[in-house]
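Here the structure comes first, spelled out in structure tokens, and everything after it is commentary.
The sequence lines fix the lettering, A, B, ..., with proteins before strands; numbering per chain opens at 1.
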Amino acid sequence: MVEIKLTNTRTRSKERFAPIDPQDVRMYLCGPTVYDRAHLGNARPVVVFDVLYRLLRHVYGEDRVTYVRNFTDVDDKINASALARQQAGDPRPLEELIRERTEETIGWYHADMDALGALRPDHEPRATDYIPQMISMIEALIAKGHAYAAEGHVLFDVRSFPAYGRLSGRSVDDMIAGARVEVAPFKRDPMDFVLWKPSSDEEPGWESPWGRGRPGWHIECSAMSAALLGESFDIHGGGIDLQFPHHENEIAQSCCAHPHEDFARVWLHNEMLQVEGKKMSKSLGNFFTVRDLLDQGIPGEVIRYVFLMTHYRKPMDWTAEKVAEATKTLDTLYEVVGETSPDRSQAPNPEVVAALADDLNSSAALHALIRQAGAIRPGDTAAAAGLKRSAGLLGLLPMTGGEWRRLKSGGIDLSGLGARLQELRIAAKASKDFSAVDALKSALLAAGVEVRMTAAGVDLAPGAGFDAEAVEALK
RNA sequence: GGCGGGUUGGCGGAGAGGUUACGCAGCGGAUUGCAAAUCCGUGAAGACCGGUUCGAUUCCGGUACCCGCCUCCA
């Protein structure tokens, strides 16, 4: 059995991973609030946890891992976007506009994450399907003296949970000293957070013991993880920005509602994403979604590869240079892989497994993969199938070399141009006049086509800077 | 102010207290009508200042700079 080590934010140390039940390893990832397209930063934890999911499935068995990632479909940003559409003249009721928006966003999310090669989790619960569970959890917290109702709200009493702040290394007093928010008068303590809040007639709401209202931000993850994974489970993750307050609050809710359970044993947090050395933000103009990149013709697998180049606990910088490097490396790997299918009977490269087992060192795993590819002699299809098998652990090389080329060329068939170049070349060798063949070759290179002329013939492949329009013009 | 992350060769990016990371780019060579692609070979590092040690880029302390969180952003 491969020994997996993971850095647990809770203990701030790298620990040997031992599942509660090896027959059912359980992990939860905080998913998106579905009000808009996923931006690039949203995709990092998805890819990181997808690799972890694949690793766990490899080690413990494909049907021995349960992966839950939620959709938060009740949120003020969703309400605001629906309200804006209504005010813009849409006659439909708000509830319908909200449902349409969340359905649409979930569809986008699936399409975009699928493009990154992320496996779908086993469960993708929606917060609105778990309102009764949230209400009963809140009732339990009130009954146990950890929460109180005030002016239609229900608040969690942070002073009732001595461990509050432990995950993020903060003390309640320090946080109050640095707090910049205005404190609602009905809070017993400034750090108390909302479990339930009242809804106006225009806002979505559910009947509850505290009147018509809706849940606060954090309770849905506590309720859904308990419902689908149990009150104790193995791994809980998300971006490091969720460490506080979201995960801190989840811990407070879950541990107080289920005091005899552990909640999540291992907390994994990925560091943030930057773009060309700066934080991605709308004001800096470097904000973009996964879909933006896909529409620019950057294959999802390239985006995935760029993510994997950096260890998940380090800040990751998205740069055009990395895109080029990732593309080039994938070209090379797909060249080796050719038309082979992954060989499931072969064990994956132990170096790749060992790198991933060591706190998901995807960068080292990638280099092990490259070394493996470099050792494969042309025509060794068994070795190529083994490479594909290993790459599968990283979610890479899911297609054939030919499919990769077609994807990169936007479906343009280069074989006709290749044949023409070969004819010109044969004629030129006889006539010693190479001007025609050189002209076509230069034009192809300028259009981003790799031209490979060997004794066997001519082979054309889409390369860096492939320009579909320029290639069409040459036809 | 509180908490956390980072700083490695031209670029990206890991591990390891002493032995080549690796990739890209560069350089040299093979190959080619010329190239491209490919193959072979190759130089180059550890922010700064101290400490521990026979020996530190790796451990400890400090400094500087960059970044994030503390505000329902992964």
Tell me, which stems hold RNA chain B, with a stem being 3 or more Watson-Crick or G-U pairs in a row and both distances under 3.5 Å? B:1-7 with B:64-70, B:10-12 with B:22-24, B:26-30 with B:38-42, B:47-51 with B:59-63
Report the residues that fulfil side-chain contact (heavy atoms from CB on, under 4.5 Å) with A:Thr332, sequence neighbours left out, ordered by chain and then residue number. none
Does A:Asp129 have any side-chain contact (heavy atoms from CB on, under 4.5 Å) partners at least two apart in sequence or in another chain, and if so, which? A:Arg126
Residues from residues 444-454 of chain A lying under 4.0 Å of RNA chain B - heavy atoms: A:Val451, A:Arg452, A:Met453
If you take any heavy atom closer than 4.0 Å to RNA chain B, which residues from residues 106-119 of chain A end up in contact? none
For A:Arg377, which contact category applies under a 4.0 Å heavy-atom criterion: base, sugar-phosphate, or nothing? nothing
Using the C1' atom as the point on both nucleotides, what is the distance between B:rG43 and B:rG5, in whole Å? 33 Å
Less than 4.0 Å between a side-chain N and a carboxylate O, is that true for A:Glu271 and A:Lys314? no
Compile the donor-acceptor pairs under 3.5 Å between side chains in residues 349-359 of chain A and protein atoms, sequence neighbours left out, one pair per line.
{"from": "A:Asn349", "atom 1": "OD1", "to": "A:Glu351", "atom 2": "N", "distance (Å)": "2.9"}
{"from": "A:Asn349", "atom 1": "ND2", "to": "A:Gln372", "atom 2": "OE1", "distance (Å)": "3.0"}
{"from": "A:Glu351", "atom 1": "OE1", "to": "A:Arg371", "atom 2": "NH2", "distance (Å)": "3.0"}
{"from": "A:Asp358", "atom 1": "OD1", "to": "A:Lys14", "atom 2": "NZ", "distance (Å)": "2.7"}
{"from": "A:Asp359", "atom 1": "OD1", "to": "A:Thr7", "atom 2": "N", "distance (Å)": "2.9"}
{"from": "A:Asp359", "atom 1": "OD1", "to": "A:Tyr312", "atom 2": "OH", "distance (Å)": "2.6"}
{"from": "A:Asp359", "atom 1": "OD2", "to": "A:Thr7", "atom 2": "OG1", "distance (Å)": "2.6"}
{"from": "A:Asp359", "atom 1": "OD2", "to": "A:Arg313", "atom 2": "NE", "distance (Å)": "3.0"}
{"from": "A:Asp359", "atom 1": "OD2", "to": "A:Arg313", "atom 2": "NH2", "distance (Å)": "2.8"}

Holding to ring-ring contact (aromatic ring centres under 6.0 Å, His included), I want the full list of residues that pass it with [X], two or more places apart in sequence or in another chain.
X	value
A:Tyr67	A:Tyr53
A:His311	none
A:Phe287	A:His39
A:His123	none

Treating primed atoms plus P, OP1 and OP2 as sugar-phosphate and everything else as base, which nucleotides of nucleotides 6-19 of chain B get B, S or - for protein heavy atoms under 4.0 Å? SS---SBSSS----
Base contacts versus sugar-phosphate-only contacts with protein, heavy atoms under 4.0 Å: please encode nucleotides 57-66 of chain B as B, S and - from 5' to 3'. ----------
